[in-house]
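In this text the structure is predicted, and so the values were computed from the model without any measurement.
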Amino acid sequence: EDIVVTHYGSLLYGVPYAIAMEKGYFKEAGVDIKGILTSKGGGTSVRNMMAGDTLFAEVALPAALSAIKEGFNIKIISGGTNGRSSFWVTRPGEAIDKPADLKGKRFVYSRPKSVSEAITLSALKSWDITAADVKMIAIGDFGAGLTALEHNKVDVAIIPEPIYSQKEKAGTKYKTLGWLDEKLPAYAQTVGIATDEAIAKNGPKLKAVIEARRRGVEFLHANPKEAAEIVAKAYNLPLDVTTNAIDNIKKMNPTWWSRGELAMPLMQSMADALGSVGALQLPVDWKATLDPQFVPAAAAKTQ
Amino acid sequence: MRGGLLNLRIWRDPILVAISLVALWQVLHEIAGDSAVTAPAPTLAHLWEMIGQARFLPHLRETGLAFLQALAIACGGGVLIGVVLGGHKLTGEVAEPILVALYSVPKITLYPVILLLFGLGMPAKVAFGALHGIIPVVLFTMNAVRNVNRTYLRAGRAMRLTPAQTGWYVLVPATLPEIFSGLRIGFSLTLLGTMLGELFASQRGLGFLLMTAIDLHDVKTILSIAVLISVFAIGANAALLAIDKRLHRGAAPEAHEKP
Amino acid sequence: MAGAPRLAAVENAASHKVHARLEGVTRVYPPRAGHGEVHALGPISFDLRAGEFFSVVGPSGCGKSTLLDVLAGLAMPSAGTVEFEGKPVRGEVPEGVGVVFQEDASFPWLTVEDNVSFGLRRAGVDAAESKRRVDFAIGFMGLRDFSRAYPSQLSGGMRQRVCIARTLVMQPRLILLDEPFGALDQQTRLLMGDELLRLWRETSATVLLITHALDEANLLSDRIGVMSARPGRFLEIVETGWPRDRDSRLAERPDFGAVTARLWSYLRGESLRAMGQGTVAR
Amino acid sequence: MAGAPRLAAVENAASHKVHARLEGVTRVYPPRAGHGEVHALGPISFDLRAGEFFSVVGPSGCGKSTLLDVLAGLAMPSAGTVEFEGKPVRGEVPEGVGVVFQEDASFPWLTVEDNVSFGLRRAGVDAAESKRRVDFAIGFMGLRDFSRAYPSQLSGGMRQRVCIARTLVMQPRLILLDEPFGALDQQTRLLMGDELLRLWRETSATVLLITHALDEANLLSDRIGVMSARPGRFLEIVETGWPRDRDSRLAERPDFGAVTARLWSYLRGESLRAMGQGTVAR
Amino acid sequence: MSKAGWIRTILLVGAVGALELACRTGAIAPTMVTAPSKMVTTLVETLRSDEIGMHLQHTLSAVAIAMSIAIVGGFVIGFVLNWVPFLRRAFSPFLAAYYAIPHFAFYPLLIVIFGLGPVPLIVLATLFAMVAMILATMAGLDRVPRVLLKTARIHRLSLVEEIWRVRLPAAAPHILSGLKLAVAYSFIGVIAGEFILSTSGIGHEIAFAYDNFDNPRMYALILFVLGIVTLFNMMVFAWERRMLRRRGA
Ligand SMILES: Nc1ncnc2c1ncn2[C@@H]1O[C@H](COP(=O)(O)OP(=O)(O)OP(=O)(O)O)[C@@H](O)[C@H]1O
Ligand SMILES: Nc1ncnc2c1ncn2[C@@H]1O[C@H](COP(=O)(O)OP(=O)(O)OP(=O)(O)O)[C@@H](O)[C@H]1O
Ligand SMILES: [Mg+2]
Ligand SMILES: [Mg+2]
């Protein structure tokens, strides 16, 4: 079986899967995962899962919500990652030290009505700054944002891990704005989804995937060093970068990699954020959206 | 024959251009810095290292395999369709506007349709590649066929050639330079299309490498892959040019007679 | 060319008194970009007898090439019917018909040799036989030094000779020639004419030759059709009555000049009419 | 054509005894695809006298068109020099030279009218004068019914006439014609020849005519250059000695035939040699 | 309508009908492709909304600029390359290879050089469209019969006149393949660029609908692009037909 994991091979959503693959957790749990497909963007990830014989996908929550809203026959069956995994940065020496300094600055985000826009605006709102006070610039992807930042075309950009660690290693200096989202409520980033058909037919396998992933997360917390090594190999990244990146994420948010539980409040706060920029119509009918039957007991307990 | 593949003279000028391109690259690097363009030397070193790694080969093979299939479809199908559309007036008038209009839509938007038709995996990649490359071949061939000297066609009819023979023995050789122009564009676009296919869903292939590199903002790897592909495409182009030159050497117009 | 399997042709020629027949044929070019319809030809009815040498003369633009197109099946008549060897010709060139066009129709991407052997190869003639015929034709056409040259390296007349060779190697039963010697000097014309006569005698093929040279028409033909100014019709079909076994020395006969003069007299008025006419619908 | 500003031409013709001069001119085509180098022409040295009518005859492929290209400045001689009106011609066509090519050179995207007025428009001839000349030329060439037709709607001979008209409306001082009447019937040829003579007399232009018809060369020319088989050289330059004020009735003179016969005798051997020759390097 | 037009219409109607049927009967899930009727109704709705005008204007102006530069520039460059053998030899292998370069990887670079406005988009589309035009121009100019060039020289045309009055019209039917591609590529370049680089324009709207799984809107907009492109193409086709008719094809 194949599964789809958004940004597998680059961003760190896929770490538990890489570990589970390496450690043979999938087999042990009763599912034979042959490959992990990556794809760019939530829209494509969901479509890929629906088109192929893929069992399961971990995709961005907004993509899952929109797809379900538009009548795609899928359900959210497990939690993925929660909270933030990236830094807001500006150029070193830039005088942005307090919320008031943000006024009139140029913020870069990936695409209109995306998570990055929603979260940025939510964070600003938490400091009583409105969209009208700043300049929001869509630029496609993070890389372009960094380039724009360096050339003084924008003032604040977002860097997710492991790009941040990689840049740091390469000697690029940024000034992080850690305080920016202090007051932001926690939110869910990615979730596990499956088609109704798979849910009906492949229940045990889905369960196994979620269970294997959970064990991956446990392992990650228990053996951070080895985990970093596994990721370095799977993602073809330098070991110090992965070590650093995993560290950073844990520092920011110890429970970024959830154990699979469906954390309602976190999902709700993401939905609210999206709703506030008009990317999602509220309210969400969670009943029709979720199918919690596969969340492993072990995960449910830790919640 | 002058113009053999080993002739130094025909390589000198393109090499000069290549050197200027590298110089331009260096200049761009100076302007834009590492976050947009890494410098030529370290990039090439990185590329060399990448190619050396054992894990690189499966990626290359994956893309190569898809590309070759797509290329065969784009070239073979393109010339065939081009000859038919150009040679048969009614078919051409009916089909051309539909083809061209569909082609003008960015292929990315057709991704769901491709998924529907070909599913996920190799067939979809091949289809994506062929879809990009075939129309230039069709258009160049078709247009050339339409403007073929009518007397050649009349001669063909007088010799009772079948439509297939007319196509193969008259229309194709008569339009070879245009067909090759189309093939050159088609070749490159097929390559691009195949990689685009890998951007959407993959676990292997150059497109996969490129996508993760973009995600990671790993400019050096992005450029390395771009250079690899460009060098390959340029080499293939030069080869196509050389073949083209040999094939229609008799019909080739003389160079301008300079006073 | 010479000494080729020609029995079939002879039999065929013998079994059909009429080799090709035109009945009430007209051709009107439809109106197109900037110009109204052009009534180019006819109505014309005439029989091409099996094995005869027929020439067509007429003023420029009178419809000679159009007639050839219709007869060869390259164009459909707007009205009337065409028959070849008893079967109707409708938009397709029948087997056994060879055509040399007025324009240069040599394929620029092939060498002289390959141009000449083009039809043979398509027809599946075996290699040895094909080579023999091609070599002969190239030599006879004076192109031996240029057999590996491409048409772009030839003079106008040489290219025309390539096209003649390409048609004759096929040994057609009906040979249609549209001013095949137009770009040749008179002496070469004579040589070619004699050879064409010899070939015609030997193979019993039927020949229809469009020419501007009245002497040539006279010398070569059994019958000569004189065409009127457009729309082309036969004003007169002149029977020469020359013996089958003739060559260019015929021109020395006293009655030879009389036939040329007769053609002249018919044509004088037509050419003037063709050049000065102002009667046709725009 | 007629009655146009021709004083300039007359003066010019008068001030140069020699209008164009070739000295030791040869032309060798370099080796290319499948064929070795071809020594097409020369060495040739001769003077074209101002105001004369000079014809060139020679076997097919002997280098006549090549000679014309060199003389017009369209091709560079491989050796030797070309002069026109005292100035060297080096790879550029001098002002005052008009050429009609052997191939069809009509512009397929222009109507007959626009083809004919092509050169006039850019030469800055004023609209009324231009229209007058174009109308005259089209009418004279028998194309009045087809002035708005495109070349694809014309017969071979009609297209040739378009090209002749296009050149003559420019009233060049040196007119180079490469078999301009090749696709025309004999009667039309005669008409055109007479008109060409009239034009030549009226404008004192110098004419160089390449032709295959010996009668025509004889009738029209002051001098006739007979070319050898390739590489083309003048075997002989025949002076006809006809009066300037001549026309086609000249053919009735008793001494007319003698000149044609002389041309014939020179050419017979050359054509045979050209057709059968096997001496040139591959 | 011409015979070809009728057949084309019948074919299209048939195809659309079949698709409609497949969608209605559920053979094709609405999550994959939207029924044509839905596309049209959504399109009408979309066109009624105010913002679409702005997007349309952005896209079309970028396309128009890119297309004009590409066509004129492509011809000029093609001509120069054809004219100077050294340049032709030097650049030929690189020209078509350009299409293989994954240009989307260079958006950051474009932003650095051309800023954040519409310029990078236009540059992208122009380059994409121009190369086809260059190649077609070169192939077309090779086809100009030598005797016509000789005629031009006999008339002592200046270089510009020769290009304009002889080479261009003689090569025009062959250059058409480049022109058709240039039209297509200007659209592709701008719209695909808008997917990523822009916050407005039809391309951005399509991408947005795509990401939000708003299939009806996405297909409606694609349909709209198809319509506009067809409009452009029809002008080219009409011109081609007229030209071919004159030249007797
Ligand atoms: N494709 C065409 N479309 C329209 N009119 C045409 C076409 N071809 C020929 N014509 C017209 O038909 C008439 C006869 O043309 P055709 O070529 O048969 O003449 P021809 O006798 O062969 O003349 P020539 O001796 O000059 O070759 C001419 O008036 C010409 O204008
Ligand atoms: N472009 C070329 N490249 C090589 N050889 C050429 C080229 N053009 C002409 N020739 C050769 O030069 C010789 C003379 O050619 P040219 O066209 O001058 O002959 P011509 O006298 O005009 O013949 P014709 O009466 O048949 O038109 C021929 O043998 C021909 O093969
Ligand atoms: Mg004709
Ligand atoms: Mg010649």
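- Among E/G203, E/P173, E/G178, the residue with the largest count of heavy-atom pairs under 4.5 Å with chain B is E/P173.
- Using a 4.5 Å heavy-atom cutoff, the side chains of B/S188 and E/Y98 are not in contact.
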Determine, stepwise, if the pair B/S181 / E/M138 fulfils side chain to side chain contact (heavy atoms under 4.5 Å, CB included).
CA-CA 9 Å; B/S181 297; E/M138 286 167 66; over 6 Å; no
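- Neither the backbone nor the side chain of E/F232 has a heavy atom closer than 4.5 Å to any heavy atom of chain B.
- In terms of the side chain to side chain contact (heavy atoms under 4.5 Å, CB included) criterion, residue partners of E/I222 (sequence neighbours excluded) are, by chain and number, B/V105, B/T109, E/I206, E/M218, E/Y219.
- Put simply, of E/I101, E/I7, E/L95, E/L181, the one with the most heavy-atom pairs under 4.5 Å next to chain B is E/L181.
- Residues B/T175 and E/R143 approach most closely at CA-NH2, 3.6 Å, considering heavy atoms.
- Neither the backbone nor the side chain of E/I228 comes within less than 4.5 Å of any heavy atom of chain B.
- The part of E/F128 that comes within reach of chain B is its side chain, from C-beta onward, which places non-hydrogen atoms under 4.5 angstrom from that chain.
- E/S177 places none of its side-chain heavy atoms less than 4.5 Å from the side chain of B/M142.
- With a threshold of 4.5 angstrom between heavy atoms, E/L110 does not approach chain B through any atom at all.
- Looking only at side-chain heavy atoms (C-beta outward), E/L244 and B/N147 come within less than 4.5 Å of each other.
- Considering only heavy-atom pairs separated by less than 4.5 Å from chain E, the leading option among B/V100, B/I222, B/I229, B/L191 is B/V100.
- Of the listed residues (B/I214, B/T141, B/I234, B/V148), the greatest number of heavy-atom pairs within a distance under 4.5 Å of chain E belongs to B/I234.
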Identify every side-chain donor-acceptor pair in residues 16-28 of chain B under 3.5 Å, counting partners at least two apart or on other chains, and give the distances.
{"unit_1": "B/S20", "atom_1": "OG", "unit_2": "B/L16", "atom_2": "O", "d": "2.6"}
{"unit_1": "B/S20", "atom_1": "OG", "unit_2": "B/V17", "atom_2": "O", "d": "3.3"}
{"unit_1": "B/W25", "atom_1": "NE1", "unit_2": "B/T38", "atom_2": "O", "d": "2.9"}
{"unit_1": "B/Q26", "atom_1": "NE2", "unit_2": "B/E30", "atom_2": "OE2", "d": "2.9"}

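- Residues B/S104 and E/I188 approach most closely at O-CG1, 3.4 Å, considering heavy atoms.
- Here the side chains of B/Y103 and E/V229 are not in contact, with every heavy-atom distance at 4.5 Å or above.
- Side-chain contact between E/E240 and B/N143 is present, with heavy atoms from C-beta onward closer than 4.5 Å.
- Listed here is the closest heavy atom pair of E/S92 and B/L241: CB-CD1, 3.3 Å.
- At a 4.5 Å heavy-atom cutoff, the contact between B/L210 and chain E is made by side-chain atoms alone.
- In this structure, CZ on B/R146 lies 10.5 Å from CE on E/M243, to the nearest 0.5 angstrom.
- Chain B forms the most heavy-atom pairs under 4.5 Å with one residue out of E/A192, E/A184, E/A209, and that residue is E/A184.
- When side chains are defined from C-beta on, B/E93 counts as touching E/R241, because their heavy atoms get closer than 4.5 Å.
- Rounding to the nearest 0.5 Å places OH of E/Y185 at 4.0 Å from CG of B/L189.
- Only the side chain of E/M234 comes within less than 4.5 Å of a heavy atom of chain B; its backbone N, CA, C and O stay farther away.
- For E/F86, the parts sitting under 4.5 Å from any heavy atom of chain B are the backbone and the side chain alike.
- Minimum interatomic distance between E/I191 and B/P106 (heavy atoms only, all atoms of both residues): CG2-CG, 3.4 Å.
- Taking each heavy atom of E/R8 and B/V94 in turn, the nearest pair found is CD-O, 3.1 Å.
- Taking the side chain as every heavy atom from C-beta outward, B/P177 and E/D142 never approach each other to under 4.5 Å.
- If you measure heavy-atom distances from E/L12 to chain B, the contacts under 4.5 Å come from the side chain alone.
- For a residue to count as touching a neighbouring chain, one of its non-hydrogen atoms must lie under 4.5 Å from one of that chain's; by this rule B/L196 touches chain E with the side chain only.
- Between the CZ atom of B/F140 and the NE2 atom of E/H174 there is a distance of 12.0 Å, given to the nearest 0.5 Å.
- No part of E/R88 comes within reach of chain B, as not one of its non-hydrogen atoms sits under 4.5 angstrom from that chain.
- Interface remark: of the candidates B/P97, B/A236, B/A213, B/A233, B/P97 forms the most heavy-atom pairs closer than 4.5 Å to chain E.
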